[in-house]
Number of protein chains: 2
Amino acid sequence: METPSARWEGLPSWLLTQTAGHAQRLVSDGFASVGARGYHYRLLATLAEHGPASQATLGRRSGIHVSDMVATINELADEGLVERAPDPSDRRRNVISMTAEGKRQLRRLEKQLAETQERLLEPLSLEDRARLTDLLSTLLAHHNSRGTPEEPWR
Amino acid sequence: METPSARWEGLPSWLLTQTAGHAQRLVSDGFASVGARGYHYRLLATLAEHGPASQATLGRRSGIHVSDMVATINELADEGLVERAPDPSDRRRNVISMTAEGKRQLRRLEKQLAETQERLLEPLSLEDRARLTDLLSTLLAHHNSRGTPEEPWR
DNA sequence: TCCGATCGTTGGTCGCACCAACGATCGTGC
DNA sequence: GCACGATCGTTGGTGCGACCAACGATCGGA
């Protein structure tokens, strides 16, 4: 941008979305350097945390929409990081599980992610980092709770 | 999400992008309630601040990519909020200016935006709001300066 | 057995950001 | 005076994240 002072540049919502844009860029560049993107990490991490599950369950656990889950699993399965097997006890379902290579990839992604946090917070002191995390957690909890208010009007 | 504690949920980059997601949603809902979106506000605000200009100049001032500028101006021109006139002194250029209705719309958008900031920061005290703004400004300035490093390696 | 719920899948939409290429026009150096 | 590089507007893409509607197949409870 040519002008360092536009009307909106001091607004909290602007500061937030712009800073988040930088964060997003750092994170996805980090993931891209290992040939992955955000959804890949989230799916692998979810599998590592709760073990194999159906696509619908993985969607609920990871916050990835079921329809995006299909593509994500396709991509990871093509790379041999994840396996899709029919669930014998319910023919509607697939059971998704991580391969050994998938676990290695997850370790790489987590390493990238840790380095990214460092780069992101670089100019802040430890105290400031804690303060920022606190403030953002407060904000996020607040808006998440008001999030999908479970049809509150019915 | 089903699980309240995924691996990544404490990461600063996650807190940042998620909170920013809420902010974005609040802002665009506010704009949408007046029939606009983010680019419309940014363009109108830029026009109000610096006056009429060519599309390329507006792009540099607002941070909106030239190619997106075309569509944005088309939309605003269709609504009669903005006018596109050939620049007599340079036949490559169009001069874009705001109409009276455009100014009214900008006032509506700014009102929406102010209300949105309030909703966004609702759970924070005034001190916390200032702290958050400071921390985000520091982070943003840091990453912006390292932003497009002006071919630093040449 | 029937009916509503769930599962996976396809093929869209939207917003923001960015890129390549093109013809038209401009302006500077020669 | 003219040729060439830069600039301008425009078109038609890309990517990512998030979400939606609809469909056939399957399941399970009444």
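Residue numbers begin at 1 in each chain, while the letters A, B, ... track the order of the sequences.
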- Starting from P on C:dT10, measure out to CG on A:N74 and report it in whole angstrom. 7 Å

- Between C:dC7 atom P and A:D87 atom CG, what is the distance in whole Å? 11 Å

- Using a cut-off of strictly less than 4.0 Å, decide whether B:R60 has a side-chain nitrogen or oxygen near OP1 or OP2 of D:dC8. yes

- Less than 4.5 Å apart, any side-chain heavy atom of A:L124 and any of A:R131? no

- Item | Flag, side chain of A:D87 to backbone of A:S89, donor-acceptor distance under 3.5 Å | yes

- A:K103 side chain near A:L81 side chain, heavy-atom distance below 4.5 Å: no

- Message: What I'd like to find out is whether the side chain of A:L132 reaches to under 4.5 Å of the side chain of B:L15, using heavy atoms alone.
- Response: no

- Task: Figure out the CZ/P separation between B:R84 and D:dC8, and round it to whole Å.
- Result: 15 Å

- Message: Under 4.0 Å from OP1 or OP2 of D:dG15: is there any side-chain N or O of A:R25 that close?
- Response: no

- Euclidean distance, atom CG of residue B:N94 to atom C1' of D:dG9 [Å, nearest integer]: 7 Å

- Interatomic distance, B:M69 CE vs C:dA17 C1' [rounded to whole Å]: 13 Å

- Query: Between A:L58 (CG) and C:dT9 (P), how many Å, whole number?
  - Reply: 12 Å

- Item | Whole angstrom value for the distance that separates C1' of D:dT10 from CD1 of B:I96 | 13 Å

- Considering only D:dT10, D:dC8, C:dT9, which nucleotide approaches the side chain of B:R93 most closely? D:dC8

- Query: Would you find a donor on one side and an acceptor on the other, under 3.5 Å apart, between the side chain of A:S62 and the backbone of A:T46?
  - Reply: no

- Message: Holding to side-chain contact (heavy atoms from CB on, under 4.5 Å), I want the full list of residues that pass it with A:S33, two or more places apart in sequence or in another chain.
- Response: A:Q112

- Would you mind building the protein contact string for nucleotides 17-30 of chain D? One character per nucleotide, 5' to 3', B for base within reach (heavy atoms under 4.0 Å), S for sugar-phosphate only, - for untouched. SBBB----BBS---

